[in-house]
Amino acid sequence: MTRSSLPTPATLDERTAEQVEQAVALLRGRRVVALTGAGMSTDSGIPDYRGPDAPPRTPMTFQQFVSGPVAQQRYWARSHLGFSTIGRAMPNPGHLSMARLETAGPLGFLITQNVDGLHEAAGSRSMVALHGRIAGVICLDCRRVSSRERLHRRLDELNPDFVQQLPEQLRVNPDGDVELENTAGFRVARCEVCGGVLKPDVVFFGETVPPDRVARSYAAIESAGALLVAGSSLTVMSGYRFVRRAAKLGLPVVIVNRGITRGDGEATVKLDAACAPVLGALADALA
């Protein structure tokens with residue numbers, strides 16, 4: 001890759017451009033598996049959990065959610081308001097670059113920790129959504145999966161005056177809810193089939209990732225030639241385990257993330273940079 005093929009200096013500084021060239025040399029000619037996290041979606045207006053500018057955040061755990069109606073009311077009131085933002089987010093250039101790498105051939109498989117569905121919306125197909133998708137809702141009693149858009153409309157109908165009583169600006173959190181303390185009076189919808197408790201079809205903190213998703217991800221790593229990590233601090237073992245497996249297999253590991261990550265010690269090349277411009281440069285060179 002020649003320097004002229006890289007983005008302009010305003011987008012990519014000289015040090016990062018040199019690291020992109022190193023990453024291209026490592027990834028070219030190999031079957032790449034990608035692992036992505038919340039930093040992929042910040043340019044789509046969805047905040048991340050642990051980036052340099054992220055405020056402290058303690059998401060509701062699965063155990064808290066199933067503890068009873070009060071916790072479920074609190075969750076759904078906050079999540080209903082947040083879904084207006086996260087449910088309508090659009091893929092950014094980073095997502096599009098990942099899809100372009102798959103279409104052109106270098107990217108063989110994508111593992112995402114994100115639940116926003118933006119990789120799928122951008123065109124990625126050979127992938128696993130490790131933690132599920134916010135677009136689905138599951139009944140904890142009958143296990144029926146239904147549409148989050150439908151639930152959103154039902155909650156609007158059940159709570160016609162709720163939004164009007166709130167402050168104009170509410171901070172949206174990475175998992176799709178908002179910062180809101182008073183959720184009293186919010187009416188929660190039940191399963192339309194059995195009347196059971198509804199939960200987003202995503203893996204909460206305290207839940208276990210379904211084994212088939214983990215198995216597919218490990219299988220992809222086992223047959224890969226390199227691992228590309230984008231937008232993940234790798235703080236939780238859910239994603240970090242794949243970096244450890246790749247390093248154990250002797251695969252080159254390229255990490256693109258703003259700030260330090262748990263996997264920096266395993267990285268062959270670490271780029272402390274935003275995802276979109278770096279992935280765009282990689283796609284230009286490799287695709």
Side-chain angles (χ1 to χ4, degrees), residues 1-43 48 51-52 91-114 119 122 124 126-127 217 220-234 239-287:
M1 177 173 61
T2 63
R3 185 59 54 84
S4 62
S5 68
L6 292 171
T8 63
T11 302
L12 212 62
D13 61 45
E14 185 173 356
R15 171 61 177 158
T16 304
E18 291 174 354
Q19 291 178 314
V20 167
E21 290 181 347
Q22 296 171 20
V24 168
L26 285 169
L27 300 177
R28 178 172 281 135
R30 299 176 184 265
R31 180 183 185 274
V32 179
V33 169
L35 170 67
T36 67
M40 278 291 304
S41 297
T42 54
D43 287 343
D48 61 4
N92 64 56
H95 297 109
L96 297 173
S97 293
M98 280 292 188
R100 186 153 57 103
L101 284 167
E102 179 186 332
T103 300
L107 183 63
F109 195 75
L110 170 67
I111 307 164
T112 185
Q113 298 171 277
N114 299 338
H119 279 300
S124 293
S126 182
M127 62 170 292
S217 300
I221 297 291
E222 296 286 345
S223 62
L227 177 64
L228 169 63
V229 180
S232 177
S233 66
L234 302 170
Y240 178 52
R241 56 185 159 185
F242 302 120
V243 174
R244 292 181 63 183
R245 177 64 64 88
K248 185 177 181 179
L249 292 170
L251 303 180
V253 176
V254 175
I255 298 179
V256 184
N257 188 69
R258 290 174 61 229
I260 62 174
T261 83
R262 190 179 181 181
D264 285 356
E266 285 91 353
T268 314
V269 175
K270 163 65 189 302
L271 295 94
D272 190 342
C275 291
V278 170
L279 293 176
L282 291 177
D284 288 344
L286 297 172

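FYI, side chains are in, hydrogens and waters are out, and symmetry mates aren't considered; it's all heavy atoms of this structure.
Nearest heavy-atom pair, Ala122 versus Ala99, reported as atom, atom and distance to 0.1 Å: O-CB, 3.4 Å. Between Val269 and Leu271, the shortest heavy-atom contact is CG1-CD1, 3.7 Å. Of all non-hydrogen atoms in Met98 and Ala34, the two that sit nearest each other are CE-CB, 3.8 Å. A pairwise comparison of heavy atoms in Leu12 and Ala281 identifies CD2-CB, 4.2 Å as the closest pair. Of all heavy-atom pairs between Ala246 and Leu227, the closest is CB-CD2, 3.9 Å. A pairwise comparison of heavy atoms in Gly263 and Tyr240 identifies CA-CE1, 3.8 Å as the closest pair.
No more than 12 heavy atoms of other residues, nucleotides or ligands shown are found within 6.0 angstrom of CD1 on Ile260. Atom CZ of Arg31 has more than 12 heavy atoms from other residues, nucleotides or ligands within 6.0 Å.
One N or O on the side chain of Asn92 and one on the backbone of Met40 form a donor-acceptor pair closer than 3.5 Å. No donor-acceptor distance shorter than 3.5 angstrom exists from the side chain of Asn257 to the backbone of Ala230, with no hydrogens or angles considered.
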Go through the steps to decide whether Leu234 and Leu35 satisfy the test side-chain contact (heavy atoms from CB on, under 4.5 Å), and finish with yes or no.
CA-CA 10 Å; Leu234 302 170; Leu35 170 67; 3.8 Å; yes
Check against side-chain contact (heavy atoms from CB on, under 4.5 Å), His95 and Leu279
CA-CA 9 Å; His95 297 109; Leu279 293 176; over 6 Å; no
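Note on residues 241-270: pairs passing ring-ring contact (aromatic ring centres under 6.0 Å, His included), not counting sequence neighbours, are Tyr218-Phe242. Listed by first and then second residue, the side chain to side chain donor-acceptor pair (under 3.5 Å) pairs that reach into residues 102-113 are Thr36-Thr112, Gln113-Ser232, sequence neighbours excluded.
Atom CZ of Arg244 and atom CZ of Arg262 lie 7.5 Å apart (nearest 0.5 Å). Between Ser124 atom OG and Leu110 atom CG the span is 5.0 Å, to the nearest 0.5 Å. Between atom CG of residue Leu251 and atom CD of residue Glu222 there is a gap of 8.5 Å, rounded to the nearest 0.5 Å. One distance of note links CG of Leu228 with CG of Leu107; it measures 7.5 Å at 0.5 Å rounding. We find the CG-CG distance between Leu282 and Leu101 to be 7.0 Å, quoted to the nearest 0.5 Å. Note that CG of Leu96 is 10.5 Å distant from NE2 of His119, once rounded to the nearest 0.5 Å.
Checked against side chain to side chain donor-acceptor pair (under 3.5 Å), Asp264 has the following partners two or more places apart in sequence or in another chain: Thr261, Lys270.
The only member of Thr268, Val229, Val278, Leu27 that meets side chain to side chain contact (heavy atoms under 4.5 Å, CB included) when paired with Val254 is Leu27.
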